[in-house]
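Report on the structure given below.
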Number of protein chains: 2
Amino acid sequence: MTAPAVSSRDLPHPRREEIRLEAVLHALSDRMRLRIVRELAADGDELSCSHFDLPVTKSTTTHHFRVLREAGVVRQVYRGTAKMNGLRKDDLDDLFPGLLDAVLDAAAHESRRLRDR
Amino acid sequence: MTAPAVSSRDLPHPRREEIRLEAVLHALSDRMRLRIVRELAADGDELSCSHFDLPVTKSTTTHHFRVLREAGVVRQVYRGTAKMNGLRKDDLDDLFPGLLDAVLDAAAHESRRLRDR
DNA sequence: GTCAAACTACGATAGTTCTCGTACAATGGA
DNA sequence: TCCATTGTACGAGAACTATCGTAGTTTGAC
């Protein structure tokens with residue numbers, strides 16, 4: 001038990017040592033999820049699910065957040081009716097130094113490149 | 001046409017600018033394929049498909065190499081009866097600086113960590 | 001207690017993926 | 001020419017994925 005539950009509703013997260021590279025890469029290999037992770041990294045803080053304006057339904061959004069959580073990429077905590085999402089940057093940086101930043105850089109590179117024709 | 005065909009049998013590859021981050025991450029998010037890429041990176045040279053002793057059948061191996069090729073991760077060329085595979089490190093490093101090395105480092109970290117209990 | 005907001009659960013569908021086995025094709029040597 | 005090596009094509013099955021819609025739960029405010 002690292003942190004006290006913020007709500008009666010707890011969500012299962014992999015412990016740091018249970019996070020697997022393949023699962024992380026898989027979680028990041030989807031348009032929507034990469035977009036979520038980029039926004040979380042850019043903001044640097046916790047964001048609610050509803051903050052993201054994704055072109056899919058709410059239930060699909062729920063699905064993508066669960067994939068990210070189960071892979072160990074984000075940490076989710078209920079705060080009232082909202083479910084807050086935070087990047088597990090500390091855990092990822094410890095396990096896979098430089099990986100998250102490299103992926104974020106790569107995503108930025110690519111979107112810049114595609115934008116400039 | 002960058003390089004002359006080594007054989008009458010040519011294989012389709014994405015051009016550098018057609019390589020997509022999500023496809024690369026997806027290609028790398030599989031046990032077998034990550035293993036292939038790690039061996040290619042460690043060897044530094046071209047290796048034939050048969051060089052890899054993967055715990056799957058030949059047709060499955062063919063499948064994985066095709067996924068890697070179509071994502072732009074490896075370049076495949078026929079040389080006699082052998083099909084040689086080389087990492088497209090130059091292209092990947094140009095498009096996504098540091099990404100490949102970060103993934104390879106992460107894989108090395110993880111396998112070391114799992115080996116040491 | 002009622003209500004709206006936020007999110008989940010479940011069932012369904014269409015598409016993709018990983019895997020195999022069998023049969024086939026191309027190459028290079030004996 | 002015949003053969004061994006190497007890899008492909010095709011068909012198929014089981015599992016997974018992304019997506020949706022509908023119906024439900026939890027919470028906080030009124």
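In what follows, chains carry the letters A, B, and so on, assigned in the order in which the sequence lines appear, proteins first and then strands, with residues in each chain numbered from 1. Side chains are part of it too, since the values below use all heavy atoms of this structure and drop only hydrogens, waters and symmetry mates.
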(message) Using a heavy-atom cut-off of 4.0 Å across all strands, would you classify Thr61(B) as base, sugar-phosphate, or nothing?
(response) nothing
(request) Could you check how far CG of Leu68(B) sits from P of dG7(D), rounded to whole Å? (result) 15 Å
(request) Mind calculating the distance between CZ (Arg66(A)) and C1' (dC10(C)) to the nearest angstrom? (result) 11 Å
(request) May I ask you to say whether Glu22(B) pairs ionically with Arg20(B), meaning some side-chain N is under 4.0 Å from a carboxylate O? (result) no
(request) Please tell me which of Asn85(B) and Val56(A) maps to the more 5' nucleotide of DNA chain D, matching each residue to the nucleotide holding its nearest heavy atom. (result) Asn85(B)
(message) Exactly one of Arg69(B), His13(B), Glu46(B) should register a side chain to side chain donor-acceptor pair (under 3.5 Å) with Gln76(B). Which one does?
(response) Arg69(B)
(message) Between P on dC18(C) and CZ on Phe65(B), what's the gap in Å once rounded to a whole number?
(response) 14 Å
(request) Could you tell me the separation between the CG atom of Leu47(B) and the C1' atom of dG7(D), rounded to a whole number of Å? (result) 16 Å
(request) Among the candidates dT19(D), dA6(C), dT6(D), find the nucleotide nearest to the side-chain atoms of Met32(A). (result) dT19(D)
(message) If I take atom NZ in residue Lys58(B) and atom C1' in nucleotide dA4(D), what distance separates them, rounded to the nearest angstrom?
(response) 11 Å
(request) Using a strict cut-off of less than 4.0 Å between a Lys/Arg side-chain nitrogen and an Asp/Glu carboxylate oxygen, indicate whether Arg88(B) and Asp94(B) qualify as a salt bridge. (result) no
(message) Could you see if Val74(B) belongs to whatever hydrophobic cluster contains Val77(B)? Use Ile, Leu, Val, Met, Phe, Trp, Tyr and a side-chain cutoff under 4.5 Å.
(response) no
(message) Applying a 4.0 Å non-hydrogen cut-off, can you work out what His26(B) is touching in the nucleic acid: base, sugar-phosphate, or nothing?
(response) sugar-phosphate
(request) Kindly indicate whether the side chain of Ser59(A) and the base of dG21(D) share any N or O donor-acceptor pair separated by less than 3.5 Å? (result) yes
(request) Give one of base, sugar-phosphate or nothing for Arg33(A), where a contact means two heavy atoms less than 4.0 Å apart. (result) sugar-phosphate
(request) Using a strict 4.0 Å threshold on nitrogen-to-oxygen distance, state whether Asp53(A) and Arg35(A) make a salt bridge. (result) no
(message) With a cut-off of less than 4.0 Å, is there a side-chain N or O of Thr81(B) near OP1 or OP2 of dG28(C)?
(response) no
(request) Rounded off to whole Å, could you give me the CZ-to-C1' distance for the Arg31(A) and dT17(D) pair? (result) 16 Å
(request) Using a cut-off of strictly less than 4.0 Å, decide whether Thr60(B) has a side-chain nitrogen or oxygen near OP1 or OP2 of dC20(C). (result) yes
(request) Provide, to the nearest angstrom, the distance between the CD atom belonging to Glu22(B) and the P atom belonging to dT17(D). (result) 16 Å
(message) It should be established whether His63(B) places a side-chain nitrogen or oxygen under 4.0 Å from OP1 or OP2 of nucleotide dA9(D).
(response) no
(message) Distance check needed: dA5(C) P versus Phe52(A) CZ, whole Å only.
(response) 21 Å
(message) With a cut-off of less than 4.0 Å, is there a side-chain N or O of Thr57(A) near OP1 or OP2 of dC20(D)?
(response) yes
(message) Let's see if you can work this out: which of dT19(D), dG7(D), dC7(C) has an atom nearest to the side-chain heavy atoms of Tyr78(A)?
(response) dC7(C)
